[in-house]
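Note sheet for the following structure.
Since we're looking at a predicted model, the values are computed, not measured. Just so you know, these numbers use all the heavy atoms, side chains as well, and skip hydrogens, waters and symmetry mates.
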Amino acid sequence: MIKNIIAKRFNRKGSSTVFLAMVFVTFAVCIAGAIWISRGLTVMSECQAFGRVWTRAVLSEYDRHLLSDYGLMAYWGNDTEVSKKIDDYLEYSVAGKLSINLGSTGADLTGYELGEPGNFREALTKASATSAIRTFFDNSERKPLERGPGRSIGNTVVLDTLPSGGIGGSVGDNALAERAKELRDEEGVRNAAVSSGIETAFIWKYFSSYVTVPDDKPHFFNNEMEYVIRGSTDDDTNFEACRKRLFLMRNALDLASLYSDQAKVELIVSVAELITPGPLGAATQLLLAEAWAALEAEADLDTLYENGREPVIKTPEQWQTDLSAVLDSNKVRKGLDEESRKLLDEKRNEIDSLSSGENAAEVLTEGLSYDDHLLIMIMCLNSSKRLLRIMDIVQIDMKHRYYRDFNLMEYYTGVRFAITANGRDYVFEDAYR
């Protein structure tokens with residue numbers, strides 16, 4: 001009886017010991033688990049915190065010349081260079097802390113190349129908020145250009161790495177005069193340029209033309225706005241191409257102005273009847289009108305190249321040429337038959353008396369400048385070609401000013417990389433905002 005009681009007491013004591021041991025082990029496991037989880041969370045927290053710092057560190061190495069000259073945020077690099085930087089940051093920031101087992105790192109910058117048109121357009125947008133586009137035109141002081149000799153690019157490496165790839169094409173001639181009539185004056189051109197987006201404002205703010213320059217920085221081409229329109233890597237070719245389009249635009253506008261002036265129309269009819277009597281007089285009228293508009297367009301170009309202004313549709317007081325000069329032109333004399341030329345010479349005094357009432361043109365302070373005419377052409381240009389040629393000029397001028405090997409495809413607007421810590425992958429990504 002006594003032995004049974006003693007045995008029961010020892011059994012209870014043994015059970016309590018086993019139970020307490022189990023509780024202690026369980027508690028120890030929980031503590032160890034909590035420590036392991038806490039350590040993992042701490043590692044994760046530190047990696048995430050450091051990762052955000054490292055992305056900012058990479059982005060902080062933006063090219064200051066790109067920023068100061070064009071307002072663009074981008075840094076030079078490649079996957080290998082950025083990976084090496086991240087390795088260095090890891091070693092300095094994390095190694096030896098919390099017994100972190102560091103794995104491999106790798107950067108992937110694909111999709112952030114500044115040389116990609118979509119990224120470049122986004123960089124332009126970020127450089128200037130849409131609400132600030134108007135200030136590009138209102139606050140930009142363009143100065144007369146001191147022209148040097150025209151340049152051309154012959155280096156095949158430079159040509160092959162241009163963002164446009166030498167893409168051809170320009171603006172159609174027929175649309176220019178009608179577009180000018182729609183815009184009507186300088187304010188209309190400015191409003192249309194604002195509506196067309198940041199690209200046109202960017203051109204106005206940073207690119208030179210044959211007549212003006214926006215800043216004191218060296219520009220490889222004299223005619224950068226003309227390059228956007230024509231796309232040749234020869235300065236003179238771009239100028240001549242734009243001169244031809246400018247002449248056709250002004251010729252069409254001046255012809256419209258001439259036909260809106262009843263006095264000039266009556267003068268043309270009278271002269272045509274004197275030198276070409278009969279039904280063929282209608283052809284002579286057309287010849288005189290076209291020749292007069294062409295002569296006026298040439299005078300317009302002379303004014304525009306001197307940084308003057310010309311209205312879209314002229315009043316009689318704004319007309320610069322007279323019919324006498326038209327009659328002396330080769331275009332008219334070659335266009336007339338022999339009998340009409342003979343009558344022109346015989347009746348020249350009478351014809352001169354008909355046109356003697358014409359007055360000298362007034363000095364114009366309003367109207368469209370040479371650069372305004374170029375803006376109209378630029379707005380009529382295909383938007384993809386316009387953007388690619390803007391990228392060309394940025395790359396060419398950065399080569400000319402700072403780095404001979406500058407290439408937009410080697411500059412990036414964002415960063416993406418991954419690290420491995422204690423067997424877990426962490427991916428970080430950020431871009432300029």
Side-chain angles (χ1 to χ4, degrees), residues 44-90 92-93 105-140 163 193-207 214-215 383-384 386-388 390-391 393-395 397-398 402-403 406-419 425-433:
M44 181 177 67
S45 177
E46 287 219 358
C47 286
Q48 290 176 342
F50 282 125
R52 287 191 290 270
V53 173
W54 300 333
T55 57
R56 298 297 177 87
V58 173
L59 295 176
S60 69
E61 298 179 4
Y62 57 84
D63 190 283
R64 60 187 182 88
H65 296 304
L66 264 177
L67 180 61
S68 63
D69 287 16
Y70 296 107
L72 300 174
M73 296 286 286
Y75 66 92
W76 178 87
N78 52 55
D79 291 354
T80 302
E81 288 289 332
V82 174
S83 295
K84 184 178 182 303
K85 289 177 183 178
I86 300 303
D87 284 336
D88 292 340
Y89 295 151
L90 269 169
Y92 179 81
S93 304
T105 67
D108 179 11
L109 307 181
T110 305
Y112 283 116
E113 300 88 346
L114 186 60
E116 289 294 330
N119 293 337
F120 190 89
R121 178 180 279 115
E122 185 177 356
L124 291 187
T125 303
K126 291 177 180 177
S128 297
T130 303
S131 59
I133 293 178
R134 164 62 68 176
T135 64
F136 274 32
F137 295 97
D138 293 343
N139 298 336
S140 293
V194 170
S195 300
S196 68
I198 187 64
E199 295 164 26
T200 308
F202 185 87
I203 292 169
W204 177 265
K205 184 174 178 63
Y206 296 114
F207 288 6
D215 50 47
S383 61
S384 296
R386 180 172 62 214
L387 179 65
L388 288 171
I390 290 172
M391 295 167 67
I393 292 295
V394 171
Q395 181 160 301
D397 275 347
M398 288 294 291
Y402 308 111
Y403 321 111
F406 182 90
N407 189 330
L408 285 172
M409 288 300 291
E410 296 176 354
Y411 285 75
Y412 295 87
T413 60
V415 60
R416 182 192 307 107
F417 63 87
I419 65 173
D425 293 332
Y426 297 89
V427 179
F428 302 94
E429 187 171 5
D430 202 356
Y432 295 112
R433 304 181 187 280

For residues 111-118, which side-chain N or O atoms pair as donor and acceptor with protein atoms under 3.5 Å away, sequence neighbours left out?
| unit_1 | atom_1 | unit_2 | atom_2 | d |
| --- | --- | --- | --- | --- |
| Y112 | OH | E429 | OE2 | 2.6 |
| E113 | OE1 | G111 | N | 3.0 |

Measure the spacing between [atom1] of [X] and [atom2] of [Y] and express it to the nearest 0.5 Å.
{"X": "F120", "Y": "L72", "atom1": "CZ", "atom2": "CG", "answer": "5.0 Å"}
{"X": "D430", "Y": "R416", "atom1": "CG", "atom2": "CZ", "answer": "11.5 Å"}
{"X": "E410", "Y": "E81", "atom1": "CD", "atom2": "CD", "answer": "10.5 Å"}
{"X": "Y426", "Y": "I419", "atom1": "OH", "atom2": "CD1", "answer": "7.5 Å"}
{"X": "E61", "Y": "K85", "atom1": "CD", "atom2": "NZ", "answer": "3.5 Å"}
{"X": "T413", "Y": "N119", "atom1": "OG1", "atom2": "CG", "answer": "4.5 Å"}

N78 versus Y412, side-chain donor and acceptor atoms under 3.5 Å:
no
Tested for ring pair (Phe, Tyr, Trp, His ring centres under 6.0 Å) against Y70, the lone hit among Y206, Y402, Y411 is Y206
Output yes when a side-chain donor or acceptor of T200 lies under 3.5 Å from a complementary backbone atom of S196, and no otherwise.
no
Should V394 and D69 count as side-chain neighbours, where that means a heavy-atom distance under 4.5 Å?
no
Any side-chain heavy atom of T55 sitting closer than 4.5 Å to one from F417?
yes
Would you name the heavy atoms of [X] and [Y] that are closest together and state the gap between them?
{"X": "S60", "Y": "A57", "answer": "OG-O, 2.6 Å"}
{"X": "G414", "Y": "L109", "answer": "O-CD2, 4.1 Å"}
{"X": "L66", "Y": "D63", "answer": "N-OD1, 3.0 Å"}
{"X": "A127", "Y": "G71", "answer": "CB-O, 3.1 Å"}
{"X": "A107", "Y": "S83", "answer": "N-OG, 2.8 Å"}

Just to verify, what does E199 make a side chain to side chain donor-acceptor pair (under 3.5 Å) with, not counting sequence neighbours?
R121, R386
Does Y62, at its OH atom, have more than 12 non-hydrogen atoms belonging to other residues, nucleotides or ligands within less than 6.0 Å?
no
Taking the inter-plane angle between the rings of W54 and Y89 on a 0 to 90° scale, is it parallel (under 30°), tilted (30 to 60°) or perpendicular (over 60°)?
parallel
Quick test of your reading of the model: are K126 and E122 salt-bridged, counting only N-O distances below 4.0 Å?
yes
